Asker: 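Got a structure for you, written out below as structure tokens; questions coming shortly.
Below, read A as the first sequence line, B as the second, and so on, with proteins coming before strands; counting in each chain starts at 1. Since this is a predicted model, take the numbers as computed values, not measurements.
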There are 2 protein chains.
Amino acid sequence: MRSHINSSAPLAHEVLAAVLQVRSATLRVLLWRRALDPHVGRWSLPGGRLRPDEDVETSIRRQLAEKVDVRQLKHVEQLAVFSAPDRVPGPRVVATAFLGLVPSDVDPEIPEDTRWHEVDALPRTAFDHREIIIGARDRLRAKLSYTNVGFALAPREFTVSALRELYSAALGYKVSATNLQRVLSRRGLLAPTGHTAPPGRSGGRPAALFSFTGNGIQVTDPFAVFRPPPKRSRK
Amino acid sequence: MRSHINSSAPLAHEVLAAVLQVRSATLRVLLWRRALDPHVGRWSLPGGRLRPDEDVETSIRRQLAEKVDVRQLKHVEQLAVFSAPDRVPGPRVVATAFLGLVPSDVDPEIPEDTRWHEVDALPRTAFDHREIIIGARDRLRAKLSYTNVGFALAPREFTVSALRELYSAALGYKVSATNLQRVLSRRGLLAPTGHTAPPGRSGGRPAALFSFTGNGIQVTDPFAVFRPPPKRSRK
DNA sequence: CCAAAAGTGTTAATTGTACACCCATGC
DNA sequence: GCATGGGTGTACAATTAACACTTTTGG
């Protein structure tokens, strides 16, 4: 009763990922069309059953490897557990949902039954997958403002205006290139590469190319208020 | 293979909660001492097996009802899934971890084998429970600065200095009562009740009593930067 | 009247926003 | 040279942190 470990009831556990990418100034998600019985023909998130010898992150990375080259996945993080008893027909399946991010310049080979869909114009989706996608979008939006996740949406080198397009598409409203550059620079996230991008056929000054400093996600603005007392090191 | 539902492998799923409360200017967590074989005698988080007919939040609330009156739990939220194959001895058990918050003025009846422990001075804990507790603490700390979760740590009515103690204990450093009141007031979270608390035996001006406005958690400072353009409604 | 605790006002510093202006290129 | 984007400088606004000062109580 108070036993900690009790595996008497079989219980299926699946992992699902909302893989997001910005392309053509829109935020899109990778979906595949179900070929099997429950909700045939609807679009659903890639994923599948958790194997007994892997943890959930290993599992989702393994399963995504069928759809997207894993090395192209710049960021993966847990979103939440979805466990409503009726979330899928038949016996209950608990799902651990993930957010995955792919840089805008990669164009992964995707299987026949798989397609990118605009997050703000989703087709009919299977089960509770729409909710998961919206959750992923909202998590991304929130984290863009206080972490450096933006790096996972951008190519290795990029112009500030390209970055502005990425942020605008992900956030859903235009951000100013001026201030984007200023804020990211102040936080020490942008490194000039010294290279420049040639202007388009209509002219214009060549844009400087930047890259993100560091690798991996980090929180860059942890406390909006109630900050801990400063360490008194920098003037 | 690509089958969405496949429950061939039995898989145990448990729910665990780090229930936090501030008392005597310290943040503490509710733990019970294991009576059974793996890790006997170590302190572990309350929780237990997920039943097939309940979702994870229903489950953790049900199981906590044995330890803490559910009505005293002012806030419950999912933390993360812990799924390392070797996180517990024997067959793998996937755990969904929760953060729970109890106001500082309630003193729940707790069972014999259960005790509060200071989060910053934890005893030897079972399995990966220490990691879960630290995760819960960090989540609380982060959310204190950009949401109104503070309400879940505070009594219904409180003085600003009592609130200051709560925030200081949870965050791990002193916050100023002056600025705490100012920030929360600006965000419209504090409502004066009109009542006052009598001063202590050493004198001092009587403190005004406040309550939190609204109920339930809400994000009060969603964007640190890259805010959407204002609606141009308020001057 | 003095100490103690609460509450208010003022100021400084930081950070984000808006906007004007200059720069480099294609045609 | 002019249109077109890119980049910088400056001013402004909002918010937080720091601290001095006033208020109200007990002894």
Asker: Find the distance A:Arg187:CZ to C:dT15:P and express it as a whole number of Å.
Answerer: 9 Å
Asker: What does B:Arg182 touch in the nucleic acid at a heavy-atom separation under 4.0 angstrom: a base, only the sugar-phosphate, or nothing?
Answerer: base
Asker: Just call it for B:Arg164: base, sugar-phosphate, or nothing, with non-hydrogen atoms closer than 4.0 Å on any strand.
Answerer: nothing
Asker: In terms of side-chain geometry, is the basic nitrogen of A:Arg156 or A:Asp105 positioned less than 4.0 Å from the acidic oxygen of its partner?
Answerer: no
Asker: If I take atom NZ in residue A:Lys174 and atom C1' in nucleotide C:dC19, what distance separates them, rounded to the nearest angstrom?
Answerer: 19 Å
Asker: Would you mind reading off the distance between A:Leu184 atom CG and D:dG7 atom C1', rounded to a whole angstrom?
Answerer: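 Result: 15 Å.
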Asker: Heavy atoms only: give me the nearest A:Ile60-A:Leu16 pair and the separation to one decimal.
Answerer: CD1-C, 3.7 Å
Asker: Establish, with yes or no, whether the OP1 or OP2 oxygen of C:dT15 is under 4.0 angstrom from a side-chain nitrogen or oxygen of A:Arg186.
Answerer: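 For C:dT15, OP1/OP2 do not have a side-chain N/O of A:Arg186 under 4.0 Å.
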Asker: Between A:His195 (NE2) and D:dG7 (P), how many Å, whole number?
Answerer: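 It works out to 15 Å between those atoms.
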Asker: When you measure from the side chain of A:Ala207, which nucleotide among C:dG7, D:dT16, D:dG6 comes out closest?
Answerer: D:dG6
Asker: For a quick check of understanding: with a heavy-atom distance under 4.0 Å over all strands, which category does A:Thr159 fall into, base, sugar-phosphate or nothing?
Answerer: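 Here A:Thr159 touches no strand at all.
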Asker: So, the side chain of A:Asn148 versus the backbone of A:Gln218: is there a donor-acceptor pair under 3.5 Å, distance only?
Answerer: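 Confirmed, A:Asn148 side chain pairs with A:Gln218 backbone.
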Asker: Rounded off to whole Å, could you give me the CG-to-P distance for the B:Leu209 and C:dG7 pair?
Answerer: 9 Å
Asker: What's the OH-P distance between B:Tyr173 and D:dA18, to the nearest Å?
Answerer: 11 Å
Asker: Remember a base hit wins even if backbone is also touched, and classify A:Ala177 as base, sugar-phosphate or nothing at under 4.0 Å, heavy atoms.
Answerer: nothing
Asker: Considering heavy-atom distances to DNA chain C, does A:Asn179 or B:Thr178 have its closest nucleotide positioned more toward the 5' end?
Answerer: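 Nearest nucleotide further toward 5': that of B:Thr178.
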Asker: Between the protein and nucleotides 25-27 of chain D, which nitrogen or oxygen pairs are less than 3.5 angstrom apart?
Answerer:
residue	atom	partner	partner atom	Å
D:dT25	O2	B:Gly204	N	2.9
D:dG26	O3'	B:Arg201	O	3.2
D:dG27	OP1	B:Arg201	O	3.3

Asker: Look at A:Arg87 together with A:Glu14 and state whether they make a salt bridge at an N to O cut-off of under 4.0 Å.
Answerer: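 A:Glu14 and A:Arg87: salt-bridged.
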Asker: Nearest of C:dA6, D:dT16, C:dG16 to any side-chain atom of B:Arg227?
Answerer: C:dG16
Asker: Is any side-chain nitrogen or oxygen of A:Gln181 closer than 4.0 Å to OP1 or OP2 of D:dT8?
Answerer: yes
Asker: With a non-hydrogen cut-off below 4.0 angstrom, is A:Ser176 in contact with a base, only sugar-phosphate, or nothing?
Answerer: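 If one applies the 4.0 Å heavy-atom cut-off, A:Ser176 turns out to touch nothing in the nucleic acid.
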Asker: Is the backbone of B:Thr58 close enough, under 3.5 Å, to the side chain of B:Asp55 for a donor and an acceptor to pair up by distance?
Answerer: yes
Asker: Indicate, with yes or no, if the rings of A:Phe158 and A:Phe212 have centres closer together than 6.0 Å.
Answerer: yes
Asker: Over how many whole Å does the gap from A:Tyr167 atom OH to C:dT17 atom P extend?
Answerer: 13 Å
Asker: Could you tell me whether a side-chain N or O of A:Thr96 sits under 3.5 Å from a main-chain N or O of A:Val15, the two making a donor and an acceptor?
Answerer: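 It does not hold such a pair.
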Asker: Measure the distance from CZ on A:Phe210 to P on D:dG6 and round it to the nearest whole Å.
Answerer: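 Roughly 12 Å, once rounded to whole Å.
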